Amino acid sequence: MAQFNLAVLPGDGIGPEVTDEGVKVLKAVGKRFDHSFNLWYDLIGGAAIDESGEALTADTLKMCKRCDAVLLGAVGGPKWDDPQAKVRPEDGLLALRKGLGLFANLRPVKVFPMLVDSTNLKPDVIRGVDFVFIRELTGGLYFGRPKKRYRTSRGRRAVDSMVYSEQEIERIVRVGFELARSRGKRLISVDKANVLESSRLWRQVAEEVAEGYPDIELEHMLVDACAMRLIQNPGYLDVLVTENTFGDILTDEASMLAGSMGMLPSASLAGVPREGVRIFGMYEPIHGSAPRRAGLDMANPCALVLSVAMMLRYSFGLPAEARAVEKAVDRVLESGYRTYDIFSEGRTKVGTSEMGDQIAERIGG
Ligand code: IPM
Ligand code: MG
């Protein structure tokens, strides 16, 4: 029996509820495929601040490093939102990303055929949409120095810095090429090279890396044009790679194509994914902690469950198990089960834990 160690950080708001459902599905996978998953629970975000005053303690980070992967629910909430606060729940997430070297954030956007009617866009525009954003996660404006607020004789000033080294660009662009190779053999690199120096270096390095991938077609797209393209013709997109802040903004926009953030998983990887290679990673839904829905058994657990599928694929090297989870989600949607966020007339409305039960039941084969 294969053994895997998993750090589980449920976090705040709806995080713990959706994480429970992911664990439920993971246990069903263990049973069917004869794997043993050892779960190591700990606190992050607001829950950790309440307990220790820190959003991520050194012990929690150490524990995560000893595991094969990290599963995370969500962080944040109004209780910890004071702009003057010394520490914020989001700091825990950023420290985890940096501390674990998770530079590659994969955010697939797939429109489920049975959810076409639950988005705001015309069915013709979004039908069949299936692309992946690769967002650089440990550089750029989020971490660049200088980053500070200061006083001048003419008042207060603040600075954030968009800094990228060629090594940082090279490794993330490489993730893009590798993923493109396993998909449509096209890579779109998103930048703002008409204005930003860091983008001009990005574009140049992307061209250099492209020489090692003659089978992949590389296209450059300006970030503003990309924002437009996402709405105008999302079917055109396949694999996109971009820097941290652009990726943050574009992936929220992209998530609306799928109808609900409650359907979209993500993986943050510490290496370049290649067939047959296991990479350390953290897996989390792209939605937030939705404090107003917390504790009501309402939240959609699909994003977290699909994050478990990504974990099985990238960190545990179990593609068949990953597909079993994805297929189970498909089947549950086909059977008409819907949480409130994707509900439409004539379907069966269920809560978080019922949705998880339905998915887990269909792992059986
Ligand atoms: C995300 C979130 C985070 C980010 C926040 C919570 C720090 O928006 O994962 O996209 O900006 O990266
Ligand atoms: Mg974001």
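Being a predicted model, the structure only gives us computed values, none of them experimental. Hydrogens, waters and symmetry mates are skipped; everything else that's a heavy atom, side chains included, is used. Both ligands and their constituent atoms are indexed starting at 1 by order of listing.
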Do me a favour and list the nearest non-hydrogen protein atom to [atom] with residue, atom name and distance?
{"atom": "atom 1 (C) of ligand 1", "result": "Arg107 NH2, 3.3 Å"}
{"atom": "atom 11 (O) of ligand 1", "result": "Tyr142 OH, 2.5 Å"}
{"atom": "atom 2 (C) of ligand 1", "result": "Asp248 OD1, 4.0 Å"}
{"atom": "atom 5 (C) of ligand 1", "result": "Glu90 CG, 4.3 Å"}

- Does Arg203 pair with Asp191 as a salt bridge, N-O distance under 4.0 Å? yes
- Report yes if some heavy atom in the side chain of Met221 is under 4.5 Å from a heavy atom in the side chain of Glu219; otherwise report no.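 Side-chain contact under 4.5 Å: yes.
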- Answer with yes or no whether the hydrophobic clustering places Phe33 together with Phe37; edges join I, L, V, M, F, W, Y residues whose side-chain heavy atoms lie under 4.5 Å apart. yes
- Mind checking whether Phe131 and Phe133 have parallel, tilted or perpendicular rings, split at 30° and 60°?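 Plane angle over 60°, so perpendicular.
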- Message: Is the ring pair Phe4/His35 parallel, tilted or perpendicular, if the boundaries are 30 and 60 degrees?
- Response: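 Correct class here is perpendicular.
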Classify the contact between [X] and ligand 1 as side chain, backbone, both or neither, using a heavy-atom distance cut-off of under 4.0 Å.
{"X": "Arg88", "value": "neither"}
{"X": "Arg135", "value": "side chain"}
{"X": "Arg97", "value": "side chain"}

- Matching residue for Val223 among Ile249, Thr242, Val190 - test: side chain to side chain contact (heavy atoms under 4.5 Å, CB included):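 By the side chain to side chain contact (heavy atoms under 4.5 Å, CB included) criterion, Val223 pairs with just one of Ile249, Thr242, Val190: Val190.
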- Could you please tell me which protein N, O or S atoms lie under 2.8 Å from the Mg ion (ligand 2)? Asp248 OD1
- Item | Tyr314 and Tyr283 aromatic centres sub-6.0 Å | no
- Is the side chain of Asp238 donor-acceptor paired with the backbone N or O of Gly184 at a distance under 3.5 Å, no angle test?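 Judged by distance alone, yes, a pair lies under 3.5 Å.
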- Regarding Tyr164 and Ser199, is there a side-chain donor-to-acceptor distance under 3.5 Å anywhere?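 Checked: Tyr164/Ser199 side chains show no N/O donor-acceptor pair below 3.5 Å.
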